[in-house]
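Contents: one structure, followed by commentary.
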Amino acid sequence: MSLPHTKLHPSFGAKLLDTDLREIEPNVIWKLLDLMDEHAVCAVPHRVPLTNEQHIHFSKMLGPIERSAKKIAGTSKRLPFDEIIDQSNLGPEGNIYKDGDRRLALKRANRLWHTDMSFYRIRGTYSVLSAHIVPPEGGNTELIDMRAVYRDLSDTMKKQLVNMSSEHCYWHSRTLGGGPSPLPEEKASRPPAIHPLVIENKRNRRKSLYLASHIRSIRGIEENQGAKLLEELNEFATQKKYILSYQWSVGDVLIWDNLATMHRATPFPDQKYVRDMRRTTCRESLN
Ligand code: OGA
Ligand code: MN
């Protein structure tokens, strides 16, 4: 029997009705993974947000966790855990970042459609985002089912994409998103990674289009042609019918499969309200 849930969108997304991730037993995890294979996104409400330790403990059951060891200039940590990515608009002292702060500018790039950690050779698999403080307006997270997008592409396009790969670079999306140019040592710390444009879930064989604002070029075709193809794919993928818009409540945990979806943050008055969101991300294993 699958875990009790309702649907968030006609093609994907489940909301668990009766599951507390603090209490989930390792032997129930496979049910959650089955649900993720089917729905690609899973929302799990809690009355009280998970502590950082509970968040990490749960995420480790989904696979190896990516740890942030690479520092970005001018950043120190509000949350002292290498496993947790601070997606809030708060600085190390807990104050709202001022407009124009480099660190805020980098975070605002999350407003572009992307998938997490595609800029690493070992790709991100599941992300687990936990809501600690949500603003009274704005700040939804939007997600797209990239399996539905792939399914709906024309046969001609599907043929064209076979064996095509693209180059993903963290700094590309930061710059596109209005962020600062990287310092040379920052640039060196996150070199680009190459991945196929069409990927397949090995368990259910569903194919997915692997797009992200991190993509800076398509390999093997002329630059302008690559840019045109990317634009066409992005336009197709971001049609309204594919989008799930998730409105947060404090304590919600949203899990998404980065190999089956794209997502983005939506704006909110980030000089006025606090939005405290914390993320862990699992990655593929090395073998
Ligand atoms: C992320 C992300 C979107 C949001 O945490 O990876 O893109 O709405 N977040 O905060
Ligand atoms: Mn993200």
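Predicted model, so just to flag it, every value in this text is computed and none were measured. Atom set for the values below is all heavy atoms of this structure, side chains included, hydrogens, waters and symmetry mates excluded. Every number for a ligand or one of its atoms is a count from 1 in the order of the listing.
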Worksheet item: Between Arg102 and Glu186, is the closest basic N to carboxylate O distance under 4.0 Å?
Response: yes
Item to complete: Please name the pair of heavy atoms, one in Asn140 and one in Ser245, separated by the smallest distance, quoted to 0.1 Å.
Response: ND2-OG, 3.0 Å
Fill in: atom 8 (O) of ligand 1: the protein heavy-atom neighbour that sits closest, reported with distance to 0.1 Å
Thr141 OG1, 2.5 Å
Worksheet entry | Note: Asp116-Arg279 ion pair, threshold 4.0 Å (strictly below) | yes
Worksheet item: Are the aromatic rings of His263 and Tyr246 close, with centres under 6.0 Å apart?
Response: no
Worksheet entry | Residues Asp99 and Arg108 bridged, charged N to O under 4.0 Å | yes
Discussion item. So which atom in Ala193 and which in His195 form the shortest heavy-atom distance, rounded to 0.1 Å?
Written reply: CB-NE2, 3.7 Å
Worksheet item: Measuring from the heavy atoms of Phe268, does anything fall under 4.0 Å of ligand 1?
Response: no
Discussion item. Tell me whether His114 has any N or O atom under 3.5 angstrom from an N or O of ligand 1.
Written reply: yes
Worksheet item: Considering only protein heavy atoms, which is closest to atom 3 (C) of ligand 1, and at what distance to one decimal place?
Response: Ala265 CB, 3.6 Å
Item to complete: Select one of side chain, backbone, both or neither to describe which atoms of Trp248 lie under 4.0 Å from any atom of ligand 1, heavy atoms only.
Response: neither
Worksheet item: Considering only heavy atoms of Asp116, which atoms of ligand 1 have at least one such atom less than 4.0 Å away?
Response: 6 (O)
Worksheet item: Do any N/O atoms on Arg279 end up under 3.5 angstrom from N/O atoms on ligand 1?
Response: yes
Worksheet item: To which protein heavy atom is atom 9 (N) of ligand 1 closest, and what is the distance rounded to 0.1 Å?
Response: Leu129 CD2, 3.9 Å
Discussion item. So, of the N/O/S atoms that His263 has, which is the nearest one to the Mn ion (ligand 2)?
Written reply: NE2
Response to the item:
ligand 1 to His263, heavy atom cutoff 4.0 Å, flagged ligand atoms 1 (C), 2 (C), 6 (O), 7 (O)
Worksheet item: Closest to the Mn ion (ligand 2), which N/O/S atom of His114 is it?
Response: NE2
Practice prompt. Please name the pair of heavy atoms, one in Gly139 and one in Phe268, separated by the smallest distance, quoted to 0.1 Å.
Written response: N-CB, 3.6 Å
Item to complete: State plainly whether the residues Asp270 and Arg111 are in salt-bridge range, i.e. N to O under 4.0 Å.
Response: yes
Worksheet item: Any idea which of Met262, Met277, Arg275, Gln87 brings a heavy atom closest to atom 10 (O) of ligand 1?
Response: Arg275
Item to complete: Measure the OH-OG1 distance between Tyr242 and Thr261 for me, rounded to the nearest 0.5 Å.
Response: 15.0 Å
Worksheet item: Of all N/O/S atoms in Asp116, which lies nearest to the Mn ion (ligand 2)?
Response: OD1
